[in-house]
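All remarks here apply to the structure that follows.
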Number of protein chains: 2
Amino acid sequence: MEDLTEMLKGTLEGCVLEVIGGEETYGYAITRRLNELGFVDVIEGTVYTILLRLERNGLVEVTKRPSEVGPPRKFYSLNKAGREELARFWAKWQYISARINKLKEEAA
Amino acid sequence: MEDLTEMLKGTLEGCVLEVIGGEETYGYAITRRLNELGFVDVIEGTVYTILLRLERNGLVEVTKRPSEVGPPRKFYSLNKAGREELARFWAKWQYISARINKLKEEAA
DNA sequence: ACTGGTACATGGTAACACCGAGTACCAGTA
DNA sequence: TACTGGTACTCGGTGTTACCATGTACCAGT
């Protein structure tokens, strides 16, 4: 699938929130997880900028822990604000996707 | 629903293409149509910038016609490139929305 | 010493939706 | 006549976002 980046704007951050909400995890693993899920072109740099933004906006708790196979990892988990933001994200997603799908079906 | 603008990025242009694909129409009417469809905060200025972009990218044919109730209207219709772009848009939408919904369900 | 996988940070870019202000046409009305 | 309100389009500027390129650095195996 060619160039999905514009369409991911505004949703990729929510996806990262969702992954973190599932379990405490870190940037490199989040990137791999998103790739597995079909977001194949999402690259580390993108995820790290999102994580720094989440941290700056106070949506996550951060803990640095050593790794046995490389440099230390920064583990992220959602705090209250993060969980609320995640809920808002899914509400928005449901709203918008419903409307877009309706537009699509009315055309057909 | 609060502030959907980021999530609309990359999709609103496709929605405009779809509306034009349904029938030849003009900016002001497209804005009203989108508002009806639930994209309540989409405003004229936004639609016009999209239309100018579509025109610049050669995806639409433009015809100016007088109106009986105001200034002349610029009517837009899809050309071949526009229909192809619209098809690509729906393919991307299906791809991404499927993956996001999957992510959502695996969480639940 | 070298390679490759792991792990994070950062300055710059392009694209997008949005905003604000402006221009202009027309009908109805006070 | 002047004014209002609905119709209709344009354009310069803004903030946010995902992406890119590059750099740093840890570690295991050869």
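Computed from heavy atoms alone, side chains included, the values below leave out hydrogens, waters and symmetry copies. Below, chains carry the letters A, B, ... as their sequence lines are ordered, and counting in each starts from 1.
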Has A:Asn101 got a side-chain atom pairing as donor or acceptor with A:Glu105's backbone, closer than 3.5 angstrom?
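Checking the backbone N and O of A:Glu105 against the side chain of A:Asn101, no donor-acceptor pair under 3.5 Å is found.
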Any donor-acceptor pair under 3.5 Å linking the side chain of A:Asp41 with the backbone of A:Leu4?
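Checked: no pair found.
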Nearest whole angstrom, please: distance from the [atom2] of [N] to the [atom1] of [X].
X	N	atom1	atom2	value
B:Met1	C:dA17	CE	C1'	18 Å
B:Tyr76	D:dA8	OH	P	13 Å
B:Arg65	D:dA8	CZ	C1'	15 Å
B:Lys92	C:dA15	NZ	P	12 Å
A:Leu4	D:dC19	CG	P	9 Å
A:Arg32	C:dG5	CZ	P	11 Å
A:Leu12	C:dA15	CG	C1'	16 Å
A:Tyr28	D:dC27	OH	P	16 Å

Salt bridge or not between [X] and [Y]? Use side-chain N to carboxylate O under 4.0 Å.
X	Y	answer
A:Glu24	A:Arg65	yes
A:Glu6	B:Lys9	no
A:Lys80	A:Glu84	yes
B:Arg32	B:Glu44	yes

Side-chain N or O of [X] closer than 4.0 Å to phosphate OP1/OP2 of [N]:
X	N	answer
A:Lys74	C:dA9	yes
B:Arg53	C:dA17	yes
B:Tyr48	D:dT10	no
A:Lys64	C:dA7	no
A:Tyr26	C:dA7	yes

D:dT16: pairing nucleotide in any strand, Watson-Crick or G-U under 3.5 angstrom
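For D:dT16, the partner nucleotide comes out as C:dA15, under the 3.5 Å rule.
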For D:dG29, give its Watson-Crick or G-U wobble partner with both distances under 3.5 Å, or none.
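C:dC2 - that is the nucleotide pairing with D:dG29, both distances being under 3.5 Å.
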Consider the side chain of [X], meaning its heavy atoms from C-beta on, and name the nucleotide among [options] that approaches it most closely.
X	options	result
A:Glu6	D:dC26, C:dA15, C:dC19	C:dA15
A:Ile43	C:dA9, C:dC19, D:dC20	D:dC20
A:Lys9	C:dA14, D:dA25, D:dC19	C:dA14
B:Val69	C:dT10, D:dA8, D:dA18	D:dA8
A:Ser67	C:dA7, D:dA8, D:dT16	C:dA7
B:Arg73	C:dT10, D:dA18, D:dT7	D:dT7

Answer with base, sugar-phosphate or nothing: what part of the nucleic acid does [X] contact at a heavy-atom distance below 4.0 Å?
X	answer
B:Leu51	nothing
A:Thr5	sugar-phosphate
B:Glu13	sugar-phosphate
B:Leu52	sugar-phosphate

So do B:Ile100 and A:Cys15 actually touch side chain to side chain, heavy atoms under 4.5 Å?
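A side-chain contact exists here, since the closest heavy-atom pair is under 4.5 Å.
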Quick one: on DNA chain D, does A:Asp41 or B:Thr46 contact a more 5' nucleotide (nearest heavy atom)?
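Counting from the 5' end, the first nearest nucleotide belongs to B:Thr46.
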Starting at the 5' end of DNA chain C, which residue's closest nucleotide do you reach first, A:Gly45 or A:Gly70?
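It is A:Gly70 whose nearest nucleotide is closer to the 5' end.
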